[in-house]
Amino acid sequence: MKKTILLAVTALAVTLTAPAASADPPLALAKPTGDQPVGTASLSRADLFYPAVSALGKRKRFMTEAEAKAALGEAGITTIRPSVLTTVRTDAFVDARPAGRHLPLVVLSAGPELTSLAEDLASHGTVVVVAGRGADIPSVLDSLLGSKWAELIDPSRIGSAGGANTSDARIKAGLDLDGTASALPPDRPFLYLGTEARQPGWDRLTGWKRSLVVAGTVHPSFTDLGLIGEQLGLGFGATTPAARTQAVTAAYVRAFFDEHLRGEPQPLLAQPSARYPEVGFAGTSTPYLPAPTGDRPVGGTTVYLKDTSRPDPWVPSVPYRELMVSLFYPAASANGPKTRYLTPEESAALLAGSGLDVPPDLLTTMVTNAVADARPGGRNLPLVVLSPGYTKPRATLSALAEDLASHGYAVAVLGHTYENSGQSMPGGRFAGCASCEVPHDPAFWRKLELGRAADVSFVLDSLTRSKWGPLIDASRIGMAGHSVGGASALPTMVADARVKAGMDIDGTTEVPLTAPGLDRPFMFVSHQLAATACAPGNEPWERDWAQLTGWKRWAEVAGTQHASFTDVGLVADEFGIDMGATTGGRRTQDITRAYVNAFFDQHLRGEPRPLLDRPGYPEVSFCR
């Protein structure tokens, strides 16, 4: 935190030569957000903050004259009287009677410039000890836990925060507040919150970890000096107001210690939050799906279907076709446990051969947004069927499916058995990729597309006649897919008139669309195939385009590659994997969601969408 004081005090020196006591209104720290009063006591080498019984007594001084002189002297500033930093109002009451016993303890490795953060944590029931820069943290803990304050603290729940963490075995979780490194043991939970995306030693951390970047901030933004500077008319170059950064900091620091010292899961740490759009997730140990953009809670369930009218196309010895379907829909409530992304066996199968140095069950930890088996919150909804790419499990289209459901759609994501890396079946069975053993010649791809068309028709028959029938309006059904899943949309629509509109997302069509063609709405979306947008050369699409006689569009998204349109692109971004795309996975997902929603809104709901008439994103070109 040394450079915090240097930057802040230097800026103050430019404009201030009088004490802050003359300011109107007086300088003040951020108000604590908890419902408990805050007490404080001075220890021999640190200051203690804790929840108090009442807000009575003398308020703590922010900085003493000696502390201010030391800070100014260290910075070489002689034009500011130390009293400028001694008049700041705090919200902690000296020697107030403590409230509570066996509370979590957080060690702040900083000077008094993190007083607001200490007060906020204490107001939520956490004890905080603020040790000076360079303090011997183990000695501070020894002294505190051997003092009269020991009964206030639970020694099994100690965390550390500030500019540097400690390797003391008693520290169970560590937080780096815009520092440069962490000495925390690599298996402990760790959160970085600051101005830079990644920190030295990030890769060696093997436990729970997050790297969060707050846009528009500079180093002093996270401290009380940034807040005081703002009150004096100084921003230090930040574009996000210091008061807002203080609120962001308090929320994420509190969430981190609540999760890792109190054992209370915090959704704020699971994925980016609409409440704090300034905060970007630059690194994580737990993948997550972006929150849906609609205003409806989302439910999700798994449906097993068995078609006894045909043998399995890839394992003829099986006299029936089994399918797994993930069904998403608007839910009556957002409360409840979330759906599981993949089973351990599915995760291991998908990651096998990826070259990633990650646990095989990593994708079982994916943070989803759909409430498992939630009660539906609607009836007679338009239905969108989604079909994934070859070898990819149905889960890889979950971000798109959740988003559609949040906008009021029922969504069925098909798991085409024996056509993906592996799929868990009822009764603990696991179906591998039997089709992977078949030569992948043109006849294979045609068989794949036609087989998926048969799968879709069977699923429509089954869902509309099942307990889920009231959820679905059978007159408003659409289909979209990625890769071969998208390519199968055309043969599906040719074979099944119930599918009123279709989208092919980056899938090469192997089954030609022949006369009389198709008069229902259809849209192609592709990654940019050449250096120039909309360059000719996609002969299968050109062939089929000529046979489309209804509403049609052909869009291309610059900077993307094949996997960018799925959850694979999202996970790659979250783990810093370069797939060759220059448009990020999250940005591509935003674009994909927007166009898929607009397409089905217009063609299943009859609601015109200008986004389909002119590109609404600079990365998107309309080729036709």
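Positions are given from 1 along the sequence.
Ring planes of H527 and H562: perpendicular class, angle over 60° (limits at 30 and 60°).
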Derivation of the side-chain hydrogen bond (donor to acceptor under 3.5 Å, both in side chains) call for T368 and T339: CA-CA 6 Å; T368 66; T339 54; 3.2 Å; yes
From CA spacing to verdict: side-chain hydrogen bond (donor to acceptor under 3.5 Å, both in side chains), T391, N420: CA-CA 3 Å; T391 75; N420 45 50; over 6 Å; no
Pair R262, D154 - check salt bridge (charged side-chain N to carboxylate O under 4.0 Å, His left out), show working. CA-CA 11 Å; R262 298 181 189 272; D154 181 348; over 6 Å; no
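Proximity of R204 to P186: side-chain heavy atoms (C-beta onward) are separated by under 4.5 Å at one or more points. Under the 4.5 Å side-chain criterion, counting only non-hydrogen atoms from C-beta, L212 is in contact with L191.
Side chains of R210 and T284: a donor on one and an acceptor on the other come within 3.5 Å. Checked by atom type, the side-chain pair D178/T195 shows a donor-acceptor distance below 3.5 Å.
Ring centers of Y409 and F328: at least 6.0 Å apart, outside the cut-off.
A salt bridge is defined here as a Lys NZ or Arg NE, NH1 or NH2 lying under 4.0 Å from an Asp or Glu carboxylate O, and D573 with R586 fails to meet this definition. The residues K209 and D203 are annotated as not salt-bridged, no charged nitrogen and carboxylate oxygen being separated by less than 4.0 angstrom.
One distance of note links CZ of R244 with OG1 of T239; it measures 13.0 Å at 0.5 Å rounding.
Minimum heavy-atom separation, R394 to S326: NE-OG, 2.8 Å.
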